[in-house]
Amino acid sequence: MIHCGGYMLNDKTMLNRQKIAKDNNVAITNYGILISKIQGVLKRSIEIFNL
């Protein structure tokens, strides 16, 4: 599942959607992460977090 606009939801709603995806063995990712991966910049973008 590609999820967009999660920031507009409250925590309970977003966690419920994640649980539904997990219970149905459906991968879930954020739209921005997907676009970064497709454009080939995700690895470089998250390098800073791999200290």
Side-chain angles (χ1 to χ4, degrees):
M1 175 184 349
I2 302 165
H3 202 284
C4 186
Y7 65 91
M8 296 172 35
L9 305 173
N10 63 38
D11 289 345
K12 184 177 179 181
T13 301
M14 193 63 211
L15 290 172
N16 187 49
R17 289 183 183 189
Q18 291 172 342
K19 182 183 182 320
I20 291 169
K22 183 177 181 181
D23 291 348
N24 289 284
N25 295 317
V26 174
I28 185 171
T29 191
N30 174 277
Y31 181 75
I33 298 293
L34 176 69
I35 295 299
S36 295
K37 177 69 174 171
I38 290 171
Q39 292 181 344
V41 298
L42 179 61
K43 188 174 180 179
R44 190 178 76 197
S45 298
I46 62 173
E47 248 176 25
I48 192 170
F49 300 105
N50 296 324
L51 300 175

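We're numbering straight along the sequence, starting at 1.
Connectivity analysis of hydrophobic side chains (ILVMFWY, heavy atoms under 4.5 Å, direct or indirect) links I48 to I33, L42, I46, F49.
I20 and L9 are assigned to two separate hydrophobic clusters, defined by single-linkage of ILVMFWY side chains at heavy-atom distances under 4.5 Å. Residues L15 and M8 are members of separate hydrophobic clusters, defined by side-chain heavy-atom contacts under 4.5 angstrom among Ile, Leu, Val, Met, Phe, Trp and Tyr. Put simply, I38 and I2 are part of the same group of oily side chains (I, L, V, M, F, W, Y) that touch within less than 4.5 Å, one to the next.
From Q18, atom CD reaches atom NE2 of H3 across 8.0 Å, with rounding to the nearest 0.5 Å.
Legend: residues meeting side-chain hydrogen bond (donor to acceptor under 3.5 Å, both in side chains) with T13, ordered by chain and number and at least two apart, are N10. For K43, the salt bridge (charged side-chain N to carboxylate O under 4.0 Å, His left out) test picks out no residue, with sequence neighbours left out.
Applying the salt bridge (charged side-chain N to carboxylate O under 4.0 Å, His left out) definition to pairs two or more places apart or across chains, none involves residues 24-39. For residues 19-32, the set of pairs meeting the side-chain hydrogen bond (donor to acceptor under 3.5 Å, both in side chains) definition, not counting sequence neighbours, comprises K19-D23.
For the pair M14 and G6, the tightest heavy-atom approach, listed with the atom from each and the gap, is SD-CA, 4.0 Å.
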